[in-house]
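Here the structure comes first, spelled out in structure tokens, and everything after it is commentary.
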Amino acid sequence: MANENKWGSNIAFILAMIGSAVGLGNIWRYPYVLYSNGGGAFYIPYLFAIITLAIPFIILEYGVGYNYQASFTKAIVKLKPKFEVYGWLLPVGIFIMTIYYSTIIGWDGIYFFLSFFKGWGTDPNTFLNVNLLQATDSLSGVSNFIPFIAIFMLIGWFFIWLISRKNLDKGLGKVCKIFVPLLFIVMIIIVIFSLTLPGAYIGLAELFDPDWSLLWHFDIWMAAFGQIFFSLSLGMGAGFTYASYTEDNIDLISSGICVIIANCAFENFAALGVFSILGYMSLQSGAPISEIVSQGTTLIFVAYPQVFNILGTIGLILGPMFFFTVYIAGLTSILSSFEVLSISIQNKFALTRRRAAGILCLVGALISMVYATSSGGYILGITDIFINNILVIFSVFVECILFAWIFKAERLIDFMNGRSKAFKLGKWWLAHVKYIIPVILVVIWFGGLGELLALKTTDSVIILTGLVLTLVIFSVIFTRLPAKSKEWFVTQERIK
Ligand code: PHE
């Protein structure tokens, strides 16, 4: 592998991995997931998911990526040439995720800009849905293109291009070394400030108030697994790709555990901030938390602007800080999802990093324009469910079979243990990656399918069909196109 795809140091790898994990999933998804799935009681399925799924799987993913020092697709071709289509399916799927993720980053860019003068006005809800997104809950708005949104999305793509085209160490590595620590610092400032607001305790009491009865519900277990996958970027090829760029002397077990701890600490910390702010708002407006709390888009782009409005001048400082944090968190995540398809096409078609980044950014930016229409938010919601509930879970299942059984996870044990002082792998780890995780995945997959099948409108069926076709057609095209690189068939393994 050329030098353009190597981290300069192990710390660059760990920071980039934390950058990948800490993203929108931590700030806008987790607080609501925690609140709506039993509050304090959610920690039981959450910790269960970390221990049984996240820790064993991240080690497997890093280990195999490290071994092949190549893209996910090239590793699959080496393992089972007949599975090449699957080797493209995941990178193409994650590229689709990259495209809708860029949309949210674009929206956040708009709010960063507006936050300097509270440009969302006195009614942030109407501003978001009516003035800005002009949202429709169907495909009927797809012809209504909104240039203002498009411009901010293109700015996001410009950043991705600017960073991804450089050699790994000088681009991504450098960006993560600067921005990931900054992300934590700014978030700590925001959260500490939020905790001092009057009424913060109202929000926190509500957040952690445990509803133990929910532990008997399948949904909260599904929610915990879903959150852990998304938030840790598990099984999406990002960890695999980043680990393939590491130096020979890396301790992958400790690195994986470090990433998990940083990510989970960040999201729980973010939840403290979000709920303190909601508590403050509840005290000011007299409305109960249950009426104010919301998820995703509404939380970040409606509830937060409302709070910044109430906060007066402080809102003018806190607002830009907050939207900047979300931007950086999103950008360092999207760079990792972008990398997955990028390195695959570099490997097969003998492209330079620069070339691959140029082509993919152009294609991605063009396709992303679908989201700059009135139907953007609607299409985004369905795409998100499809990618996260169906594709990723299916893919992690196949990864377990390929990596744990065909590659043989046993091969990793001595090597990994030799590098790691604090933690050692043993039989329990093998049992997880070979049996326990695949069984859990099958169960969650059917749960996720149920949610998808509940979307019965014609428009959602059109979108889902479009997604499946795009995935399959592109994966087949990439498989059929002849390899331009001689090295495509030569893979040097690092672990004997
Ligand atoms: N982990 C990211 C988040 O929490 C999402 C992500 C998944 C990013 C996969 C890259 C790859 O927002």
Side-chain angles (χ1 to χ4, degrees), residues 15-34 46 49-50 53-54 57-58 61-62 65 71-72 90-105 107-108 156 160 163-164 172 175-176 179-180 183-184 187 223-244 256 259-271 274 295-297 299-300 325-344 360 364 380 383-389 391-393 395-396 399:
L15 286 175
M17 235 13 265
I18 296 176
S20 166
V22 172
L24 302 170
N26 301 56
I27 304 173
W28 88 351
R29 197 169 185 271
Y30 180 71
Y32 185 79
V33 169
L34 173 61
Y46 182 72
I50 293 176
L53 201 137
F57 189 78
I58 213 168
E61 199 180 24
Y62 285 1
S71 62
F72 181 80
L90 180 72
V92 172
I94 295 312
F95 193 65
I96 296 179
M97 187 198 97
T98 306
I99 295 175
Y100 76 71
Y101 210 90
S102 76
T103 311
I104 307 170
I105 294 181
W107 294 345
D108 184 75
I160 303 175
I163 300 165
S164 296
L172 240 167
V175 164
C176 290
F179 285 110
V180 172
L183 186 65
F184 277 75
M187 197 64 186
F225 286 116
Q227 174 63 25
I228 285 297
F229 271 119
F230 187 77
S231 178
L232 280 165
S233 320
L234 277 191
M236 309 202 188
F240 184 100
T241 306
Y242 276 11
S244 76
V259 170
I260 294 177
I261 293 175
N263 178 70
C264 297
F266 190 98
E267 64 191 11
N268 283 288
F269 201 62
V274 168
Q295 56 180 325
T297 328
L299 175 72
I300 296 206
T325 315
V326 177
Y327 205 87
I328 296 303
L331 194 66
T332 49
S333 291
I334 203 171
L335 286 167
S336 74
S337 62
F338 182 82
E339 200 63 26
V340 183
L341 185 59
S342 170
I343 185 72
S344 292
L360 288 185
L380 196 151
T383 317
D384 179 55
I385 298 181
F386 173 73
I387 299 287
N388 286 301
N389 291 10
L391 182 77
V392 172
I393 310 269
S395 180
V396 178
E399 281 174 58

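Both ligands and their constituent atoms are indexed starting at 1 by order of listing. One is the number of the first residue; the rest follow in order along the sequence.
At a 4.0 Å cut-off, at least one heavy atom of Met97 sits close enough to ligand 1 to count as contact.
For Ser336, every heavy-atom contact with ligand 1 shorter than 4.0 Å involves the side chain, none the backbone. Residue Tyr101 touches ligand 1 through its side chain alone, judged by heavy-atom distances below 4.0 Å.
Contact record, Ala238 with Val340: N-CG2, 3.7 Å, taken as the closest heavy-atom pair.
Set against the non-hydrogen atoms of Ala21, the atoms of ligand 1 under 4.0 Å away are 1 (N), 2 (C), 3 (C), 4 (O). If you number the atoms of ligand 1 from 1 as listed, the ones under 4.0 Å from a heavy atom of Ser337 come out as 10 (C), 11 (C). Near Ser333, meaning under 4.0 Å from any of its heavy atoms, are these atoms of ligand 1: 2 (C), 8 (C), 10 (C).
Comparing heavy-atom distances from atom 2 (C) of ligand 1 across Gly25, Ser20, Gly19 singles out Ser20 as nearest.
Residue contacts with ligand 1: Val22 is placed with no nitrogen or oxygen under 3.5 Å of a nitrogen or oxygen of the ligand (distance criterion only).
Here the side chains of Phe240 and Tyr62 are not in contact, with every heavy-atom distance at 4.5 Å or above. Residues Thr383 and Ile96 have side chains in contact (heavy-atom distance under 4.5 Å, counting atoms from C-beta outward). Using a 4.5 Å cut-off on side-chain heavy atoms (C-beta onward), Ser337 and Tyr101 make no contact.
In this structure, Tyr46 has its ring center closer than 6.0 angstrom to the ring center of Tyr30.
In this structure a side-chain-to-backbone donor-acceptor pair under 3.5 Å is missing from Ser336 to Ser20. With hydrogens and angles disregarded, no donor-acceptor distance shorter than 3.5 Å links the side chain of Ser395 to the backbone of Leu391.
The closest protein non-hydrogen atom to atom 5 (C) of ligand 1 is Phe230 O, 3.5 Å. For atom 9 (C) of ligand 1, the nearest non-hydrogen atom of the protein is Met236 SD, 3.1 Å.
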